[in-house]
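A short worksheet on the structure shown next.
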Amino acid sequence: MPTNPRLPRRFFRADAESLARKLLGQRLVRILPDRTRLAGLIVETEAYLGEPDAASHAYRRRRTPRNEAMYAPPGTSYVYFTYGMHFCFNIVCGKTNEPLAVLIRALEPTEGQQAMRRNRLSAPRPMPKPIADTALCSGPARLCQALAIDRSLNGIDLTTDGRLFLEPASGPVADDLVQRTPRIGVAYAGDWAARPLRFVIRGNPHISRKTVPKLAKFR
DNA sequence: ATGACGATTTACT
DNA sequence: GTAAATCGTCATA
């Protein structure tokens, strides 16, 4: 049976800012072990620029077991565990050995919302009320939970793997629909905290925050 | 071996 | 608006 086209390797062979911009409107697809297909359109991303970027896990070319996947070829996944309970999913870009990545921060769910909701209702904590569609994948850890993305998907090749990949969706998002803001949760990064490296589809209800973050304290 | 911290989310005032 | 949850990771020693 025919398989849908995917974004090819060359799509990811780009600097992090360009890729973060180009990923808006593209489709992220997750196939579960039972063959359930989950998918959503990317509506929020953040670029992490590697060596010079104080907010990046690869700042000063730091290389540890955790972030090893950042040094892999473009189109590799980088999934990391944080705050003792959450996973976040990135797409590695640039060239091999150049630790650039784009964090996927929110999706507009398009397929498998029922299964997503089921995934969200399990760990780490049950939720009291039904989850609105706009809250299903509106945050980097939420979307990982909804799509059942965990450590087992770290370092995989998104251009060939059958479990997690990207498909081209509606054409490029128009420039006037793209809004840039500072990145979320990187106040520790000094000057880099203020750089407008977060990309969102303006006004989309599935993004993680409604308002532009204000700059928190330095240190 | 130890301790400080985190590319977050949720509940609660 | 503030704080708790929760533990792998990494720098330091």
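Within every chain, numbering begins at 1; the chains are lettered A, B, ... in the order of the sequence lines, protein sequences first and strands thereafter. Everything quoted here is computed from the prediction, not taken from an experiment. Keep in mind that the numbers below use all heavy atoms, side chains included, and drop hydrogens, waters and symmetry copies.
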Inset, instruction - Could you tell me whether the phosphate oxygens of B:dT9, OP1 or OP2, come under 4.0 Å of any side-chain nitrogen or oxygen in A:Arg120? - result: no
Inset, instruction - Among B:dT10, B:dA7, C:dT6, find the nucleotide with the atom closest to the side chain of A:Arg142. - result: B:dT10
Legend entry - Qualifying salt bridge (Lys or Arg N to Asp or Glu O under 4.0 Å) pairs, either residue in residues 92-103 of chain A, two or more places apart: none
Inset, instruction - Can you spot which of A:Glu46, A:Glu17, A:Glu44 makes a salt bridge (charged side-chain N to carboxylate O under 4.0 Å, His left out) with A:Arg180? - result: A:Glu17
Inset, instruction - Take atom CD of A:Glu44 and atom C1' of B:dA7, then tell me their distance rounded to the nearest Å. - result: 11 Å
Inset, instruction - Mind listing the residues from residues 49-76 of chain A sitting with a heavy atom below 4.0 Å of DNA chain C? Number order is fine. - result: A:Arg62, A:Thr64, A:Pro65, A:Arg66
Inset, instruction - Round to the nearest Å and state the distance from A:Met85 atom CE to B:dC5 atom C1'. - result: 13 Å
Legend entry - Parallel, tilted or perpendicular: rings of A:Phe81 and A:Phe87 (30°, 60°): tilted
Inset, instruction - Could you tell me the separation between the OH atom of A:Tyr188 and the C1' atom of B:dA4, rounded to a whole number of Å? - result: 15 Å
Inset, instruction - Would you kindly give the CG-to-P distance between A:Leu136 and B:dT8, to the nearest whole Å? - result: 19 Å
Legend entry - Carboxylate-amine/guanidinium contact A:Asp175 A:Arg21, below 4.0 Å: yes
Inset, instruction - Write down the distance between CZ (A:Arg195) and P (B:dA7), rounded to a whole number of angstrom. - result: 18 Å
Inset, instruction - Kindly say whether A:Ser208 contributes a backbone atom to a donor-acceptor pair with the side chain of A:Arg142 at under 3.5 angstrom? - result: no
Legend entry - Spatial distance of atom CG (A:Leu103) from atom OG1 (A:Thr45) [nearest 0.5 Å]: 8.5 Å
Legend entry - Aromatic-base stack, A:Phe81 on C:dG8, cutoff 5.5 Å, angle under 30: no
Legend entry - A:Arg37 side chain to A:Gly112 backbone, donor-acceptor under 3.5 Å: no
Legend entry - A:Arg27 versus A:Thr110, side-chain donor and acceptor atoms under 3.5 Å: yes
Inset, instruction - Rounded off to whole Å, could you give me the CZ-to-P distance for the A:Arg183 and B:dG6 pair? - result: 14 Å
Legend entry - Canonical and wobble pairing (Watson-Crick, G-U, under 3.5 Å) of DNA chain B, dot-bracket with |: ||||||.|||||.
Inset, instruction - Would you kindly give the CG-to-P distance between A:Leu143 and B:dT9, to the nearest whole Å? - result: 8 Å
Inset, instruction - Spell out, as yes or no, whether a donor-acceptor pair under 3.5 Å connects the side chain of A:Tyr78 to the backbone of A:Leu100. - result: no
Legend entry - Rounded interatomic separation in angstrom, taking CG from A:Asn154 and P from C:dG8: 16 Å
Legend entry - 5' precedence on DNA chain C between A:Arg151 and A:Tyr83 (nearest-nucleotide basis): A:Tyr83
